Amino acid sequence: MIKLIEVGPRDGLQNESTFIPTNKKIEFIKNLYSAGLKNIEIASFVNPKSIPQMSDAKDVVENIQDLDFHKSVLVPNLKGYEIASKFNLDEISVFTTTSEKFCIKNTNCTIQESYQRINEIVSVSENLKIRGYLSTVFGCPYEGDISLEKVIEGIKNLFELGCYEVSLGDTTGIARPKQVRSYLNEILKEFPHDKIAMHFHDTRGLALSNVVESLERGVRIFDSSAGGLGGCPYAKGASGNLATEDLVSFLHGEGVKTGIDLKKLTLASENIFKVTQKQSLSKIHQLIMRECGI
Ligand code: HMG
Ligand code: MG
């Protein structure tokens with residue numbers, strides 16, 4: 001059983017400089033849901049000055065309340081949690097990193113302070129599940145190499161703070177299969193494989209190869225973004241996430257049932273690319289568009 005987390009509406013859209021109208025974001029989420037995605041990170045409640053694209057998150061979340069899927073949002077602090085807690089959500093994601101420099105750039109605090117913020121959130125959250133992201137696991141654009149010890153310490157801290165699952169972020173798409181293999185070999189000695197997710201960005205076209213390595217090591221949870229949208233505005237060089245189309249097509253080829261309709265998924269992301277006036281870099285997205293004669 002493979003669990004897929006769609007992060008397109010949050011990680012995907014947060015990196016778009018042109019503001020995407022709220023109704024288009026809502027339509028995107030509804031289309032992803034219709035395509036069969038059942039775990040969707042729908043927005044983030046962050047400082048709107050930091051990420052203007054997410055400034056309409058409340059309206060987005062309010063308008064998809066009735067849809068029956070596992071809904072999560074990303075929050076950086078108690079203020080974000082207080083806004084999130086007014087809605088009918090299943091989960092919130094919190095985030096920290098292995099890199100002090102990235103932490104300051106992304107969230108204006110030290111790693112230690114980011115743990116304090118997470119602790120404040122966990123202390124007041126009641127029924128919501130808390131998912132933890134650990135960024136820059138395979139390298140940082142500001143600090144370079146990241147040691148395995150720092151990664152293991154970060155994962156341990158997130159679990160101790162109360163996260164039920166930790167997603168390992170290859171924030172700038174720097175990971176290579178050899179490194180994924182060696183890191184996961186050690187990480188999965190310390191932590192259960194069913195609580196570790198992989199979050200690859202596809203900057204170097206290696207995201208799917210990294211998925212193969214992760215699957216072989218026993219990981220079963222993957223984050224991806226429709227059309228390969230995405231990146232982090234505070235991570236120099238971050239490009240799109242692993243495209244959900246590429247991941248789903250690969251899994252179907254391996255005989256894994258996902259319940260996702262690839263054509264509907266491709267059309268869902270294509271609708272957003274019409275707004276951004278960009279093209280998806282996902283090979284499978286392009287192939288399906290050609291097959292549809294679009
Ligand atoms: P700060 O400026 O240090 O915060 O931001 P502050 O407490 O000094 O507040 C400044 C202003 O922000 C105040 O408003 C607050 O009310 C407001 P003002 O008085 O100026 O009008 N504020 C908020 N407003 C709405 N929601 C909030 C919130 N918090 C403060 N939650 C903060 C600190 C962390 C908030 C800011 O730096 C921030 O929002 N950073 C988020 C950056 C971000 O979203 N990055 C991308 C997500 S992480 C990612 O993409 C990586 C990931 O995908 C995994 C991977 O790829 O590795 C997850
Ligand atoms: Mg990301």
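These figures come from a predicted structure and were not determined experimentally. Counting starts at 1 for both ligands and their atoms, in listed order.
- Within the 4.0 Å heavy-atom criterion, neither part of Met54 lies near ligand 1.
- The backbone N or O of Gly218 sits less than 3.5 Å from a side-chain atom of His193, completing a donor-acceptor pair.
- Near Leu74, meaning under 4.0 Å from any of its heavy atoms, are these atoms of ligand 1: 47 (C).
- Set against the non-hydrogen atoms of Phe45, the atoms of ligand 1 under 4.0 Å away are 26 (N), 27 (C), 31 (N).
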Side chain to side chain donor-acceptor pair (under 3.5 Å) between Glu41 and Ser93, intermediate numbers included: CA-CA 8 Å; Glu41 198 174 76; Ser93 303; 2.9 Å; yes
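- Note: Phe159 and Phe191 have tilted aromatic rings, judged against thresholds of 30 and 60 degrees for the angle between ring planes.
- Residue contacts with ligand 1 for Pro76 involve side-chain atoms from C-beta outward but no N, CA, C or O (heavy atoms, distance under 4.0 Å).
- Residue contacts with ligand 1, taken as heavy atom pairs separated by less than 4.0 Å, do not involve Arg131 at all.
- At a heavy-atom cutoff of 4.0 Å, ligand 1 is contacted by the side chain of Asn77 but not by its backbone.
- Note: His285 and Phe273 meet the aromatic proximity criterion, with ring centroids under 6.0 Å apart.
- For the pair Asn241 and ligand 1, no heavy-atom separation below 4.0 Å is found.
- Short contacts between ligand 1 and Asn106, defined as distances under 4.0 Å to a heavy atom of the residue, involve ligand atoms 37 (O), 40 (N), 41 (C), 42 (C), 43 (C), 45 (N), 46 (C), 48 (S).
- Each of the following atoms of ligand 1 lies closer than 4.0 Å to a heavy atom of His199: 53 (O), 54 (C), 55 (C), 56 (O).
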